[in-house]
Structure formats: C-alpha cells, structure tokens
Number of protein chains: 2
Amino acid sequence: MKRKPSTEATSAWIRLMRVQSRVLDCVEQDLKKAGFPPLAWYDALLELSRAPSGELRPVELERQMLIPQYSTSRLIDRLVDEGLASRRECKIDKRGQFVEITEAGRELQKRMWGAYSAAIEKYVGSKLSDADAVKLCGLLDRLGCSCGEMKLPPVANVNETSPSR
Amino acid sequence: MKRKPSTEATSAWIRLMRVQSRVLDCVEQDLKKAGFPPLAWYDALLELSRAPSGELRPVELERQMLIPQYSTSRLIDRLVDEGLASRRECKIDKRGQFVEITEAGRELQKRMWGAYSAAIEKYVGSKLSDADAVKLCGLLDRLGCSCGEMKLPPVANVNETSPSR
DNA sequence: TCAAGATTGATGCAGCTGCATCAAATGGGG
DNA sequence: CCCCATTTGATGCAGCTGCATCAATCTTGA
C-alpha cells in the first residue's frame, strides 16, 4: 500500500493531467470564441434532448453527468435563467421535479455540436489515427474502472452525435 | 476545418475527459483524507524546492506550472499565509520579487510526496504495466504538442521524486 | 533624454465548486 | 398510524478561477 510508483507510471500520470487540461482548455476556448457557453451546458442539454420526452429528473441528470447534486441544481438554475430548459413539477412525487429542454435549448445543443465536433477533430481526431484512438481508449479504460465504483449501465454512452463527456 | 471527428476520436476524447477527472478526484481525495492541501500546493513547493537557491521569481513559477499569472499570485499568497514560503524583494528589478520556500515548506513537500506517490501507484501504477504506461505516454504526447505551442525546454520534467503535474 | 510600449505582479468582480446543512416529502417498520 | 430514516432538491459560506484592469517598473528607440 506504500509501494512507490514506477517512473513510467508517474510519467503517465503527469501526461494524463497535463494533456487533458491542455486539450480541454483548447476545446473550451474554441467554444467560447464561437460565442457558446461552457461544455457542461452542452452535456446537460444533450442528456435532456436524448431523454425520450425531453425531460429528466435532476437526480437522473446528476447520475448521467457524474457531477454532484448541488452542482446539478445550480446548472439547472442557469439553463432555466437562459430559457434553455424549464422546471416542471412532478405530480407523483412532490419533492421532485422534471427539467424539460426547450426549443431554444435543443437548437443551442445542435449549434454547439457543430463547433464542438470541429474542436474534437482539430485537437484529437487529426492527431491520432483511428487505430491509435482505439488503443488510447483501451489504456484509459483500464484506469477508469473501479476507481470510484461507477456503474455506467450502457458503458459506451457514445453514438452518432453524442459526446457527453 | 469542419470535418467531423471519427467515433473513435470522439470516444478517445470522452475517455480522456472522464478518466482524468476521476483519477484526479481519487488522488485529491486521498491527499485530502490524509490532511494535506491541494495538489497545486505540492506542485509549487516542488518547483521551489528544486530551484538551486530555493527561490524563484513568480513569473518562473508560472511558466513551470502552466497556470495563469493571477493564479500564481494568489497561490503564493496562500503559501505565504501558511508559512510555507516567503516573499523577498528583488533588488535588481524593483517590479519583481523572489519567492523562497521555507523549511516548513520543504518538509510539507516531502511528507506530501509520501501520500501522493502512494496514490499514483494505487490509481495508475497498479493498473498498468510499465510497458503500457509508456504506450499511454506516447499516445498522450501526440495530443499534447502544438496545442498551445508550449515550450517545455527539458521535455521530461520528471526524475526521481518529481511528479510536478 | 524621454515617451511609448513591455513586463511584473496585485486586485475587484462575477461565476463556479465543494462542503455542510436545511426543508420538504416519501416510505417502511413497529 | 406514526415516527424515523431516506430521498430529493435548495442554499449559505468559503475558496478558487477567469477576466479585466491597475500600478509600478523596466526597456527601447527616436
């Protein structure tokens, strides 16, 4: 439990931290320069738009996005303030509520995907062959599992237009 | 400039974001549970302790840590408040100053490395063979370069006890 | 020499995060 | 049926980040 990490492991750790932060910065900057809100908004709008009826319980959103409860609560506040979503009461459970995406929200999500996908291509896709991208996924997945005991039922939450970090 | 990323690239992007954030969370939590301050403090103390005379210009620290100027300025405030570093004026350039690590700072850095290295081993080292760690480094490095035109003179900022994210 | 620009560092402000806590509603066991 | 634990969501507080800006000093070039 106190063994030292190899220099290889330490290097990998440092690369993981530095590269992720740099690539994320680049993507966020591109989005911001295009006049869009932060990525977290996109993620939330995507989850909502994917929901069959365009609405989710905050607690569902929280689980999808892997962010804490208070963070979800305040993110919803902001989306509602901007007219991208609306809160609706939940009749069968008066503690809860539903968050429903608005038309403006759906539209923003689609427009953001244009800039977002371009940024992914620019900072990731263009630097790695598909085969290498697959290798990278495999290596990263080995780190990701059993860290905080996540249960992501459909492990690959990724299809056509669905980056949801 | 508007080509869509492959699903492989998109997957890699998502993994990079999610895995990094989970692993970082885990490591930070372990440090916090051991009663230590955030990793950024460690990074700063490490850079200072490595400097030949135990002191650096804030602007140097900034470049080493790849964080913005105001962030450096306030991090130094906190280190000084906690007695881990001290500010000294720079006689030859009255705009500037030197930040010098204190004995308490050096000691904290060493104690943190115990917990930090254990966490790296736990969340990275133990999940990856050295060969795989090297592969991961290689793939990540392909993403990292030419993103924001960094110039890290000695590319490998990593030797014995020196994780400096 | 001196004015314009660059460099160095600090700070006010707004927004976001984590933490702790709170209130309301639900649900289950005795 | 009722009390208590659990679930759901909101919020006050402190700390941190990014942005813009400021002040002081240094450097350069005409």
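Here is the naming used below: chain letters follow the sequence lines, and residue numbers restart at 1 for every chain. Keep in mind it's a predicted model, so treat the numbers as computed, not measured. Reckoned from all heavy atoms, side chains included, excluding hydrogens, waters and symmetry mates.
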Trainee: Taking the side chain as C-beta and beyond, is there a heavy-atom pair between B:L143 and A:L136 under 4.5 Å?
Mentor: yes
Trainee: Starting at the 5' end of DNA chain D and moving along, which residue's nearest nucleotide shows up first, A:Q29 or A:Q69?
Mentor: A:Q69
Trainee: B:E100: which residues meet the side chain to side chain donor-acceptor pair (under 3.5 Å) condition with it, sequence neighbours left out?
Mentor: B:R88
Trainee: Go through DNA chain C in 5' to 3' direction and return only the first and the last nucleotide with some atom under 4.0 Å of chain A's heavy atoms.
Mentor: C:dC16 to C:dT26
Trainee: For A:R111, give me all partners under side chain to side chain donor-acceptor pair (under 3.5 Å), at least two apart in sequence or on another chain.
Mentor: none
Trainee: For the helix from C:dT1-D:dA30 to C:dG30-D:dC1, what angle separates the axis at the start from the axis at the finish, each from five pairs, in steps of 10°?
Mentor: 10°
Trainee: Students often get this wrong, so: under 4.0 angstrom with heavy atoms, is A:R74 touching a base, only sugar-phosphate, or nothing?
Mentor: base
Trainee: When you check the gap from the basic side-chain N to the acidic O, do A:D132 and A:K135 get nearer than 4.0 Å?
Mentor: yes
Trainee: State which residues pass side chain to side chain donor-acceptor pair (under 3.5 Å) with B:R87; sequence neighbours excluded, sorted by chain then number.
Mentor: B:D77, B:Q97
Trainee: In whole angstrom, give the distance that lies between atom CZ of A:R63 and atom C1' of D:dG9.
Mentor: 13 Å
Trainee: Run the salt-bridge test on A:R50 and A:E47 with the 4.0 Å N-O cut-off and return the result as yes or no.
Mentor: yes
Trainee: Aromatic rings A:W113 and A:Y42: how do their planes relate, parallel, tilted or perpendicular, breaks at 30° and 60°?
Mentor: parallel
Trainee: Scan nucleotides 25-29 of chain D against the protein and return all N/O pairs shorter than 3.5 Å with their distances rounded to 0.1 Å.
Mentor:
unit_1	atom_1	unit_2	atom_2	d
D:dT25	O2	B:R95	NH1	3.4
D:dC26	OP1	B:K94	N	2.8

Trainee: Is there a side-chain contact between A:L75 and A:M65 in this structure, where contact means two heavy atoms from C-beta onward sitting under 4.5 Å apart?
Mentor: yes
Trainee: I want to check something: taking the side chain as every heavy atom from C-beta on, are A:L16 and A:L140 in contact at a cut-off of under 4.5 Å?
Mentor: yes
Trainee: Does a side-chain heavy-atom distance below 4.5 Å link B:D30 with B:F36?
Mentor: no
